[in-house]
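This structure is a prediction, so every number in the text was calculated from the model and none was measured.
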Amino acid sequence: RPRALSGIQPTAGSFHLGNYLGAIRQYVALQETHDAFYTVVDLHAITVPQDPAELRANSRLAAAQLLASGLDPDRCTLFIQSHVPEHAQLGWVMNCLTGFGEASRMTQFKDKSARHGADRATVGLFTYPILQVADILLYQANHVPVGEDQRQHIELTRDLADRFNGRFGETFTVPEAYIVKETGKIYDLQDPTIKMSKSASTPKGIVSLLDEPKVSAKKIKSAVTDLETEIRYDEEKKPGVSNLLTIYSTLTGTAIPELERRYEGKGYGALKTELSEVLLEWVTPFRERTQEYLADPATLDGILAKGAEKARAVAAETLAAAYDKVGFLPAV
Ligand code: AQP
């Protein structure tokens, strides 16, 4: 089976609809076709300041939400990034292979450092895409399910895998991004020209999966649309309505043309009300399952410990090969 790898940050509070539709849904699907590894990337989380107790809680919360979304520890490997030290170790090797200018071209860093204030951005935030390269290459992943915003980082991963292989001999699988066109970018409800994002969206623009459904319904009802009344998918001219149709279509499995027919002659109010109900149906069991996992931290930690053990077996083998190729003296 091909390998898949993806990582997700232990977000404070909860994942949002963009994370779920853009990435997590694909994690669940790829369990069936791939030897899949999914990791809660706590090393990435500390690229911005974190409260230690909250970070710990958020890592469990992230794992609980992934399991509640449908990840099955018998069919995939779910682990916490810091439990597998090989990530940081290969990350260093990859740092030493990356040009400073090359790293400077990463647009996410430019956006995020602008938001945090350029002089407050850490070196970790600057090099995080390179750690991400290591995350992927350690598992010899063929496919990396992510949202559109990660495409540039996957390109960097491919470049570095090629560079390493070219310089030291065939070592790493060159991965491909696995981005679903329809849901690769879910937009902010208040500004449907920017992606829904935990750090850039206003609270009204972002649907958090663990929020009270009443709160999410209110956000959907006040989503920015346009001055027309026609419910039609047109990303250019009607980005707000198109975003709502994408969300509706993906959560229900109904094709967009079918939705356009169903809502012909009805106003945006009807679409928003019914989308809130669709969301309620999805989040209710999701929220319950998340709470069940959180109520039993021993079981949750057990799943993560087993995941880390499985992940380490693969990661250690790849790291040993890379260290050997680079010319490190084996520690006997
Ligand atoms: N709006 C989105 N549409 C589609 N996919 C998205 N992803 C994030 N936002 C959207 C995908 O979710 C996965 C996990 O992302 P992450 O752990 O990197 O979380 P993030 O990038 O921190 O999420 P945000 O909200 O986008 O945070 P900021 O604002 O900090 O950048 C990834 O596969 C991502 O593509």
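With a 6.0 Å radius and a threshold of 12 heavy atoms from other residues, nucleotides or ligands, Lys266 has its NZ atom above the threshold.
A distance below 6.0 Å separates the ring centres of Tyr139 and Phe79.
In this structure, a donor-acceptor pair under 3.5 Å is absent between the side chains of Lys198 and Thr11. Side-chain contact, Thr47 with Tyr128: no donor N or O sits under 3.5 Å from an acceptor N or O.
Under the 30°/60° scheme for interplanar angles, the aromatic rings of Trp282 and Tyr20 are found to be tilted. By the 30° and 60° cut-offs, the orientation of the rings of Phe168 relative to Phe164 is tilted.
Salt bridge Arg151/Glu148: present, at least one basic N to carboxylate O contact under 4.0 Å. By the 4.0 Å N-to-carboxylate-O rule, Arg163 lies close enough to Glu102 to be salt-bridged with it. Salt bridge present: Glu258 and Arg261 bring a charged side-chain N and a carboxylate O closer than 4.0 Å.
Here Gln291 contributes atom CD and Leu210 contributes atom CG; the two are 7.0 Å apart, rounded to the nearest 0.5 Å.
Between the side chain of Gln26 and the backbone N or O of Leu21, at least one donor-acceptor pair lies under 3.5 Å.
Figure legend: Lys272 and Tyr268 shown without cation-pi pairing, the cationic atom not lying both under 6.0 angstrom from the six-membered ring centre and within 45 degrees of its axis.
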Using a 3.5 Å cut-off and no angle test, enumerate the donor-acceptor pairs between side-chain atoms of residues 92-100 and protein atoms at least two apart in sequence or in another chain.
unit_1	atom_1	unit_2	atom_2	d
Asn95	ND2	Gly91	O	3.2
Thr98	OG1	Met94	O	2.7

Practice task
Could you go through the side chain to side chain contact (heavy atoms under 4.5 Å, CB included) check for Leu279 and Leu17 one step at a time?
Solution key: CA-CA 10 Å; Leu279 185 71; Leu17 206 48; 4.0 Å; yes

Practice task
With salt bridge (charged side-chain N to carboxylate O under 4.0 Å, His left out) as the test, would you mind laying out the steps for Asp42 and Arg56 before giving the verdict?
Solution key: CA-CA 9 Å; Asp42 52 354; Arg56 241 186 300 280; over 6 Å; no

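Scanning all heavy atoms of the two residues, the minimum distance from Ala141 to Leu5 falls at CB-CB, 3.7 Å.
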